[in-house]
Number of protein chains: 2
Amino acid sequence: MTNRASLQDIADQLGITKMTVSRYFRSPEKVAPATREKIAQAVKHSGYIHNRAPALMSRALSRTIGVVIPSLSNQVFSALVDGIETITNAESFDILLAHSGYDPKVEERKIEMLLSYQVDGMILCETEHTDRSRAMLKQAGIPVVECMELPEAPIDMVVGLDHKAAAFNAVTRMIASNKQHIVYLAARLDRRTMLRQQGYEQAMWEAGLTPQTVATPFQSSFSQGMKLLQQALDTFDRVDGIFCTNDDLAVGAMQFCKNEGIRVPDDLAVMGYNGLDIGLTMQPKLTSVVTPRQAIGIKSARLLIDVINGKAPSDKLFDLGFSYTAGESLS
Amino acid sequence: MTNRASLQDIADQLGITKMTVSRYFRSPEKVAPATREKIAQAVKHSGYIHNRAPALMSRALSRTIGVVIPSLSNQVFSALVDGIETITNAESFDILLAHSGYDPKVEERKIEMLLSYQVDGMILCETEHTDRSRAMLKQAGIPVVECMELPEAPIDMVVGLDHKAAAFNAVTRMIASNKQHIVYLAARLDRRTMLRQQGYEQAMWEAGLTPQTVATPFQSSFSQGMKLLQQALDTFDRVDGIFCTNDDLAVGAMQFCKNEGIRVPDDLAVMGYNGLDIGLTMQPKLTSVVTPRQAIGIKSARLLIDVINGKAPSDKLFDLGFSYTAGESLS
DNA sequence: AACACCTATGTTACACGTAACATTTTGTTG
DNA sequence: CAACAAAATGTTACGTGTAACATAGGTGTT
């Protein structure tokens, strides 16, 4: 393997010290124009690539943030990361990205890896963590933002929304549109799914209705949505609405309706969750709870970088709320 | 900020040297059981987190691979990364993940960042790179795998499939099912879309048929699929089949058929591309070209790690081919 | 001319895990 | 128990960008 060029190589070549070359990269205005020009040439010629290992060794900031998302194929998290990068790009921070597959054990491994790179802060998208994850983050002494949810035992700061309240509001809305036999469609029984179920159940009980749920432990998908609706229709006497734990299930269910000639929303009201683009391409458009994930990303990164820069946060918990898509699958 | 515990801290505490503690982590069997136990206690108590910065400074392997994917919300790449991690986990390599948003300029920045962490190898999912990207990778002297496609000017190694051949095969299959007036539906006119068009056209010419294309520069989506099929039917006298550049378009087109009472496949055969889950929720199920993305991930990582470990690769280019979903939208 | 001040560059020390080699301790065998 | 092998631990040096401080040379002011 070719040895990579170092600052020293460039400096030797020009008869100067590596300190000047280092300055050239980080604050060129402190280097004399003539020297700057010489260095520029030499850098171009040698193809120097910055090596951040030595900087990581000093106790200086790495200007890097670790981000752990649960899944790589979910628009929710891609929008979240977009939001984060809006801020990190502007502040010239880098992000180091990892994914956990919704598994706290995997998350632990990824947190360990990111910490080993001396990240200055961490954004986590889940609220369930192993004890070791919590201990490592504490020991690392860096600011942490948990986002998407409002955890019961926050590590540090939180930016998210109340999924139980959102679900409650959504189901109450369905009931208000004159649906009474609303079934909850759930997949991958994680914490957020449970929270939404709680909101759903509370809304049903408060309206004097009986909650009924069909669930699968599998990852949610369009085809799971079809299967779950089928199952709901097979299981329960009457079904005139479904509250889906996410838009994948909802779209799959609407597809099922199309195939089976079930009219939406007349025969069956459909409420999704997340407000993905795909819902708006359906006929009728899917009504869905919109989670402000880009805003969550922006706020999370903003908050984290401010704290890294020594500012005291105005608060430790930010609830960014929710809204609805302009859908027609409800009434 | 609390100073993180170092190996030295643990060693001091036990009256041994940090070298022994270092050994405890990397080859515990070389440490006496009694010492091992003592260290384990101290480590647990201090909450030590490994710091890889010093190791990155030596010329030793970082046991880390950089991966750049175009998008964080595409099942194709999530499956690819899954495949990669199958291997990296087994070989105790870490991956550093970045995404480029399909933009070579952004890819360049991400490549630079990953190289600054001294990754031992790089997996890229696109074949268009800036000159600087190529120069940096060359200078870094690490093995590189480009995956998904078979580029004309490979940087180093390639694991992918021939999209032109796949398209040719798919269209030939449509023709064999007695369709003659097949239209190509294209969106976001990137390289892969073009390659598929070439395959389509070749298949048509070879069968003595005339290729006909409708295209949009916009990002593909369900609604684009609907619009494009509408446009095709308006533009051409007879249409009895469509070859869609991806499943989004195909699903949109099939929905259009459902709305308009066009029978699939009797009136119109539909062929998709990628074999995503949603295609299987359609009625009839969408027939689609399946790209072996998990296998591509596995092969890419296997190859890269072998080369990192000093093995000479048996070949520099691996075409993993394609298959079809068990769909019913063809005949 | 003396002084303060600025700009450009240099000098020194440091961060900390690990490879390579050295030394000590323990175990084994004739 | 001497002699040697093996196991366990220690010693030394290294990599490379950067903070902090030092110095050289130049400019301007009184």
Side-chain angles (χ1 to χ4, degrees), chain A residues 1-40 42-43 46 48-64 94 112-113 115-118 120 139-140, chain B residues 1-40 42-43 46 48-64 94 112-113 115-118 120 139-140:
Chain A
M1 191 188 304
T2 344
N3 278 350
R4 297 190 199 182
S6 69
L7 289 187
Q8 189 68 64
D9 294 336
I10 295 170
D12 288 349
Q13 204 178 309
L14 298 172
I16 58 179
T17 62
K18 57 181 179 172
M19 197 64 228
T20 305
V21 186
S22 172
R23 280 196 193 95
Y24 164 81
F25 283 111
R26 289 173 313 128
S27 25
E29 76 284 357
K30 289 184 183 163
V31 176
T35 315
R36 214 182 298 165
E37 190 50 40
K38 280 197 299 179
I39 297 176
V43 164
S46 72
Y48 175 74
I49 303 165
H50 181 70
N51 176 1
R52 55 209 301 159
L56 292 182
M57 280 195 29
S58 77
R59 291 202 190 95
L61 291 180
S62 60
R63 297 193 76 78
T64 302
D94 278 322
E112 187 174 15
M113 182 195 75
L115 288 177
S116 80
Y117 281 107
Q118 315 297 107
D120 293 334
Q139 155 75 11
Chain B
M1 188 188 304
T2 343
N3 277 349
R4 297 191 199 179
S6 69
L7 289 186
Q8 189 68 63
D9 294 336
I10 295 171
D12 288 349
Q13 204 179 311
L14 299 171
I16 57 179
T17 62
K18 58 181 176 171
M19 196 63 228
T20 305
V21 186
S22 173
R23 279 195 193 96
Y24 164 81
F25 282 110
R26 290 172 312 128
S27 25
E29 74 285 356
K30 287 184 185 162
V31 175
T35 315
R36 213 182 298 165
E37 191 49 40
K38 280 197 299 180
I39 298 177
V43 165
S46 72
Y48 175 74
I49 303 164
H50 181 72
N51 176 0
R52 56 211 300 160
L56 292 182
M57 284 199 18
S58 75
R59 288 200 192 96
L61 292 179
S62 61
R63 297 194 76 79
T64 302
D94 279 321
E112 187 175 14
M113 183 195 75
L115 288 178
S116 80
Y117 281 108
Q118 316 296 106
D120 294 333
Q139 154 75 13

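Residue numbers begin at 1 in each chain, while the letters A, B, ... track the order of the sequences. Atoms considered below: every heavy atom in the structure, side chains included; atoms not considered: hydrogens, waters and symmetry mates.
- For the pair B:L14 CG and D:dG10 P, the computed distance is 10 Å after rounding to whole Å.
- Scanning residues 27-36 of chain B for heavy-atom distances under 4.0 Å to DNA chain D yields B:E29, B:V31, B:A32, B:T35.
- Remark: P of D:dA19 and CE of A:M57 are 14 Å apart, rounded to the nearest angstrom.
- Using a 4.0 Å heavy-atom criterion, one finds that B:R26 contacts the sugar-phosphate atoms exclusively.
- Between the side chain of A:S62 and the backbone N or O of A:Q118, at least one donor-acceptor pair lies under 3.5 Å.
- Note that the first and last nucleotides of DNA chain C, 5' to 3', having any atom under 4.0 angstrom from a heavy atom of chain A are C:dA8 to C:dC16.
- Following rounding to the nearest Å, B:R23 (CZ) and D:dG10 (P) show an atom-to-atom distance of 8 Å.
- Residue-to-nucleotide proximity on DNA chain C shows that, of A:M19 and B:A5, the 5′-proximal contact is made by A:M19.
- Between B:I10 and B:V43, the closest heavy-atom pair is CD1-CG2, 3.8 Å.
- In this structure a side-chain-to-backbone donor-acceptor pair under 3.5 Å is missing from A:R4 to A:I49.
- Annotation for A:P54 and B:M57: closest pair CA-SD, 3.5 Å, computed over non-hydrogen atoms.
- Regarding contacts with the backbone of D:dG15, every side-chain N or O of B:S58 stays at 4.0 angstrom or more from both OP1 and OP2.
- The NZ atom of A:K30 sits 12.5 Å away from atom OG1 of A:T20, with the distance rounded to the nearest 0.5 Å.
- The nearest whole Å value for the distance from the OH atom in B:Y117 to the P atom in D:dG17 is 15 Å.
- Although no hydrogens or angles enter the test, the distance criterion places a donor-acceptor pair under 3.5 Å between the side chain of B:S46 and the main chain of B:A42.
- Counting any heavy atom pair closer than 4.0 Å across all strands shown, B:Y48 reaches sugar-phosphate atoms only and no base atom.
- Checked by atom type and distance alone, the side chain of A:D12 never pairs as donor or acceptor with a backbone atom of A:D9 at under 3.5 Å.
- An angle of 40°, rounded to 10°, separates the two end axes of the helix from C:dA1-D:dT30 to C:dG30-D:dC1, each defined over five pairs.
- A distance of 6.0 Å separates CG in A:D94 from OH in B:Y117, rounded to the nearest 0.5 Å.
- Residue B:T20 places none of its side-chain N or O atoms closer than 4.0 Å to OP1 or OP2 of D:dA8.
- Across all strands, B:L56 comes closer than 4.0 Å to no nucleic acid atom at all (heavy-atom distances).
- Smallest separation of non-hydrogen atoms from B:R36 and B:E29: NH2-CA, 4.1 Å.
- One finds the CG atom of B:L14 at 9.0 Å from the OG1 atom of B:T35 (value rounded to the nearest 0.5 Å).
- The phosphate of D:dT18 has OP1 or OP2 within less than 4.0 Å of a side-chain N or O from A:S22.
- Both A:Q8 and B:I16 lie close to DNA chain D; mapped to their nearest nucleotides by heavy-atom distance, the more 5′-ward contact belongs to B:I16.
- Here the closest heavy-atom approach between residue B:V31 and residue B:I39 is recorded as CG1-CD1, 4.4 Å.
- To the nearest 0.5 angstrom, A:M113 atom CE is 7.0 Å from A:S116 atom OG.
- Atom NZ in B:K18 sits roughly 11 Å away from atom C1' in D:dA13 (whole-Å rounding).
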